[in-house]
2 protein chains.
Amino acid sequence: MPPRPGLSKSELEVARVVWMLKDANVRAVYEALSETRDIDFTTVQTYLRRLEEKGYLNVRLDGRSRFYSPKVRPRTVIRETVDDLVERLFGGEAMPLMKHLVEERSFSVEEIEQLRQLINRLEGADDEQ
Amino acid sequence: MPPRPGLSKSELEVARVVWMLKDANVRAVYEALSETRDIDFTTVQTYLRRLEEKGYLNVRLDGRSRFYSPKVRPRTVIRETVDDLVERLFGGEAMPLMKHLVEERSFSVEEIEQLRQLINRLEGADDEQ
DNA sequence: TTGACACAATTACAAATGTACTTAATACTC
DNA sequence: GAGTATTAAGTACATTTGTAATTGTGTCAA
């Protein structure tokens with residue numbers, strides 16, 4: 001179990017922006033989010049505050065403004081989130097999700113090739129006992 | 001956009017049980033859920049009612065008791081759910097999720113082979129223009 | 001026919017979530 | 001230094017979610 005409260009869907013979205021920006025104040029996050037979505041500045045403020053309260057972000061004061069940066073590694077958050085989804089939607093089996101993705105998200109030829117490479121690499125580093 | 005309100009994490013879990021049972025009354029769903037999770041009978045009742053209200057389940061009356069069955073196909077719900085996650089967590093790119101799954105969920109040799117097959121099959125039925 | 005249960009239906013209610021307004025403090029601009 | 005913009009901080013508030021208690025009603029067994 002994660003030692004932190006989970007994130008809601010929208011919170012995840014905001015967290016992702018911070019991951020991309022590495023270190024950002026409210027305005028920067030607000031602007032990034034505004035690209036794709038109609039949202040109020042103070043709403044972003046609230047999200048960032050909650051993300052900090054929940055232990056996902058660090059805050060640093062620079063002058064009068066607060067800069068947020070990841071505290072938990074994206075990879076970790078992604079793992080927890082995806083695991084949770086797999087648990088609830090597929091009873092813990094990851095394969096059906098893979099299958100779903102492969103079948104429903106029409107990948108390009110290049111992407112398929114990329115995938116194949118990934119799998120090949122896996123087989124090399126196989127840690128089955 | 002889905003024409004129905006989205007499902008919460010727990011609602012998804014309950015929906016999945018109904019999918020598996022195909023057609024079930026509260027008790028059956030309650031019993032299936034109890035296997036893995038401590039939950040009250042009436043809580044299950046509430047979830048099922050909400051799932052129906054949201055348009056995900058059909059209800060049929062058999063004697064005095066209500067039998068629930070899927071109204072929206074699992075595949076559809078899964079697509080909507082996964083798409084939403086991919087959107088928020090990976091900005092709409094499915095590949096990073098695949099990559100994550102392949103790297104983080106140690107698949108067995110058999111599963112890897114299965115995956116490979118899946119990909120091969122894909123290439124045959126390639127519908128790029 | 002009377003409990004004891006089963007199930008439906010209704011209601012409850014705190015916590016989490018999405019969304020924003022308000023107020024206060026500062027900084028920047030003439 | 002008065003007015004304007006920026007940010008922080010606090011507060012608000014309806015909706016959704018998770019969880020269940022309560023109340024009504026029929027069913028079955030003794």
Side-chain angles (χ1 to χ4, degrees), chain A residues 1-2 4-18 23-34 36-68 80-81 84-85 87-89, chain B residues 1-2 4-18 21 23-34 36-68 77 80-81 84-85 87-89:
Chain A
M1 296 84 236
R4 296 156 250 99
L7 293 184
S8 73
K9 292 171 177 193
S10 299
E11 284 169 345
L12 274 180
E13 223 177 324
V14 176
R16 198 177 73 90
V17 171
V18 176
D23 181 65
N25 60 5
V26 186
R27 180 141 308 267
V29 176
Y30 165 69
E31 263 153 24
L33 280 171
S34 297
T36 48
R37 177 175 183 312
D38 189 31
I39 193 172
D40 193 279
F41 183 90
T42 59
T43 303
V44 177
Q45 255 190 332
T46 302
Y47 278 130
L48 290 170
R49 183 166 32 75
R50 287 182 186 166
L51 283 168
E52 193 223 329
E53 281 165 9
K54 289 188 174 184
Y56 287 88
L57 298 182
N58 281 314
V59 195
R60 162 177 72 79
L61 272 164
D62 185 356
R64 256 185 2 105
S65 83
R66 345 182 110 243
F67 280 73
Y68 294 89
E80 287 167 1
T81 306
D84 184 72
L85 183 83
E87 194 60 44
R88 301 192 192 246
L89 201 49
Chain B
M1 296 86 236
R4 297 156 249 99
L7 294 183
S8 74
K9 292 171 179 193
S10 299
E11 284 169 345
L12 274 180
E13 223 176 325
V14 177
R16 198 175 76 88
V17 172
V18 177
L21 299 178
D23 181 65
N25 60 6
V26 185
R27 178 138 312 263
V29 177
Y30 165 69
E31 264 153 24
L33 280 171
S34 296
T36 48
R37 177 175 181 314
D38 189 31
I39 193 172
D40 192 279
F41 183 89
T42 61
T43 303
V44 178
Q45 255 191 331
T46 300
Y47 278 131
L48 289 171
R49 183 169 31 75
R50 287 181 187 168
L51 282 168
E52 194 224 328
E53 283 165 6
K54 289 188 175 185
Y56 286 88
L57 297 182
N58 281 313
V59 195
R60 164 176 72 80
L61 272 163
D62 185 355
R64 259 183 1 103
S65 86
R66 341 181 114 245
F67 280 73
Y68 294 88
V77 179
E80 288 167 1
T81 306
D84 184 72
L85 183 84
E87 193 60 43
R88 301 190 192 249
L89 201 49

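Below, chain A is the first sequence line, B the second, and so on; all start at residue 1.
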Each nucleotide of nucleotides 18-30 of chain C classed B (base within 4.0 Å of a protein heavy atom), S (only sugar-phosphate) or -, in 5' to 3' order, makes BBBBB--BBS---
Could you give the CD-to-P distance, from A:E52 to D:dA9, as a whole number of Å?
10 Å
Rounded off to whole Å, could you give me the CG-to-P distance for the B:N25 and D:dT27 pair?
15 Å
Take the protein atom CG of A:L51 and the nucleotide atom P of C:dA16, then report the distance between them rounded to whole Å.
15 Å
Is the terminal nitrogen or CZ of A:R4 (NZ for Lys, CZ for Arg) located under 6.0 angstrom from the six-membered ring centre of A:Y56 and within 45° of that ring's axis?
yes
Looking at B:T81 and B:V77, would you say the former's side chain and the latter's main chain have a donor-acceptor pair under 3.5 Å?
yes
Shortest non-hydrogen contact from B:R60 toward B:D23:
NH2-OD2, 2.6 Å
Starting from C1' on D:dT6, measure out to CZ on A:F67 and report it in whole angstrom.
13 Å
To the nearest 0.5 Å, atom CD of B:E87 lies from atom CG of B:D84 at 7.5 Å
Starting from C1' on C:dT10, measure out to CD on B:E53 and report it in whole angstrom.
12 Å
Could you state the atom-to-atom distance from CG of B:L48 to C1' of C:dA8 in whole Å?
12 Å
Report the distance from atom CD of A:E11 to atom NZ of A:K54, rounding to the nearest 0.5 Å.
3.5 Å
Atom-pair distance (CZ on A:R4; P on C:dA16), nearest Å
16 Å
B:E31 side, atom CD; B:N25 side, atom CG - distance, nearest 0.5 Å
8.5 Å
Starting at atom CZ of B:F41, determine the distance to atom C1' of C:dA8, rounded to an integer number of angstrom.
9 Å
